[in-house]
Amino acid sequence: PHRRTIRRRARNPLHQRLRLAEQGAVVAQYVALAEDGRVVRLLEDAVSSGISLPQQVRAATKASALLHPLPLAELQARNDQWAAAARELVAAVNLEKFTVVTEAWEPPSLARALRSPGSRHAYSLPLTEGDHGFRIGSILGGFALARLDGTDAELVVNLNELKGHMINFGDYSSEVPTVQDALF
């Protein structure tokens, strides 16, 4: 998943950086800086309708993209094209209280492994029942890249399934799910 974003002037720049990580962006850049949230919403609506770029990405789409990640250079090139189109569009919008910017988003280091290509499988056990034991090596948005003890397989775990559930940390283990790489 890649994003172009319009942000509000933040009192805390770290909050803006973390917000994109919470949304699960793999690559992103800022295209405008606005005085308030209302202007941000208007600009986002203009970009969505003007260049057909959605404001939200479904969790299933994010999961698929993390299971089969494209090389970062390719994602960055695509993001550069979308961001340039978004900048051109917002520059022509008749609104005040914003400026067009070219600003890269720097993802947190904990997201690095999930952003890199690799052979991965979906964690297939339902998180809402039973015990689960895995080690998280990378996290981005609601997804984690994890390993089960005694295996080399990298698993993409959809942590969004845990919303509203109690989590007890401890020494747990997961049944090793059967996985098979594509044959062709």
Side-chain angles (χ1 to χ4, degrees), residues 1-118 120 122 136-145 154 156-164:
H2 54 84
R3 301 223 2 135
R4 52 70 202 125
T5 190
I6 300 160
R7 71 179 174 96
R8 184 173 59 86
R9 287 191 200 278
R11 292 185 183 92
N12 182 351
L14 178 61
H15 173 72
Q16 292 297 335
R17 185 170 153 244
L18 293 177
R19 181 75 181 120
L20 283 172
E22 288 171 357
Q23 293 174 353
V26 174
V27 296
Q29 51 188 295
Y30 299 102
V31 299
L33 181 61
E35 295 289 329
D36 62 54
R38 184 186 70 77
V39 173
V40 169
R41 285 188 295 280
L42 292 170
L43 291 172
E44 287 178 339
D45 289 345
V47 168
S48 291
S49 64
I51 60 174
S52 300
L53 191 61
Q55 291 184 33
Q56 296 178 343
V57 177
R58 293 180 20 246
T61 302
K62 289 179 186 182
S64 178
L66 293 171
L67 281 171
H68 310 287
L70 295 173
L72 279 175
E74 183 177 338
L75 287 175
Q76 191 61 54
R78 289 181 185 190
N79 187 257
D80 288 345
Q81 291 173 341
W82 283 108
R87 282 186 193 95
E88 185 177 327
L89 188 135
V90 298
V93 170
N94 189 17
L95 276 177
E96 294 180 5
K97 298 184 179 180
F98 81 94
T99 56
V100 176
V101 297
T102 300
E103 183 181 336
W105 172 68
E106 195 62 41
S109 60
L110 193 53
R112 186 171 295 126
L114 247 171
R115 296 174 66 236
S116 301
R120 301 176 177 157
I136 295 176
S138 185
I139 194 162
L140 183 64
F143 295 92
L145 188 61
E154 290 188 318
V156 175
V157 182
N158 184 352
L159 299 175
N160 294 304
E161 295 176 23
L162 294 173
K163 287 181 182 173

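All values reported here derive from a predicted model rather than from experimental measurement. These values consider heavy atoms only, across backbone and side chains, with no hydrogens, waters or symmetry-generated copies.
- Put simply, CD on Glu103 and CG on Leu33 are 7.5 Å apart, with the number rounded to the nearest 0.5 Å.
- Of all the heavy atoms in Ser48 and Leu53, the pair that sits closest is OG-O, 3.0 Å.
- Put simply, the residue from Val39, Val40, Asp45 that forms a side chain to side chain contact (heavy atoms under 4.5 Å, CB included) with Leu43 is Val39.
- Here the shortest heavy-atom pairing between Ala63 and Phe143 reads CB-CE2, 3.6 Å.
- Atom CG of Leu66 is separated from atom CZ of Arg120 by 7.0 Å, given to the nearest 0.5 angstrom.
- In plain terms, the two heavy atoms of Pro117 and Pro69 that are nearest each other are CA-CG, 3.6 Å.
- Judged purely by atom type and a 3.5 angstrom limit, Arg87 uses its side chain to pair as donor or acceptor with the backbone of Tyr30.
- Between the CG atom in Asn158 and the CG atom in Leu67 there is a gap of 10.0 Å [rounded to 0.5 Å].
- Under the 4.5 Å side-chain criterion, counting only non-hydrogen atoms from C-beta, Val100 is in contact with Phe98.
- With a 4.5 Å cut-off on side-chain heavy atoms, Leu70 and Arg78 count as touching.
- Taking both residues in full, the closest heavy atoms of Ala85 and Ile51 are given as CB-CD1, 4.1 Å, listed atom of the first, atom of the second, then distance.
- Rounding to the nearest 0.5 Å places CG of Leu95 at 7.0 Å from CZ of Arg38.
- Side-chain atoms of Val47 and Glu44, non-hydrogen and from C-beta on, never get closer than 4.5 Å to each other.
- Atom CG of Leu72 is separated from atom CG of Asn79 by 11.0 Å, given to the nearest 0.5 angstrom.
- Under a cut-off of 6.0 angstrom, the local environment of CD in Glu161 is crowded, with over 12 non-hydrogen atoms contributed by other residues, nucleotides or ligands.
- Residue pairs meeting the salt bridge (Lys or Arg N to Asp or Glu O under 4.0 Å) criterion with at least one partner in residues 89-100, sequence neighbours excluded, do not occur; the list is empty.
- Contact check for Val26 versus Lys62: no side-chain heavy atoms found under the 4.5 Å cut-off.
- Inter-residue side-chain proximity for Leu159 and Ile139 is flagged as met; some heavy-atom pair is nearer than 4.5 Å.
- In terms of heavy atoms, Ala83 sits closest to Gln29 at CB-CD, 3.3 Å.
- Across all their heavy atoms, Leu140 and Leu114 have their closest contact at N-CD1, 3.7 Å.
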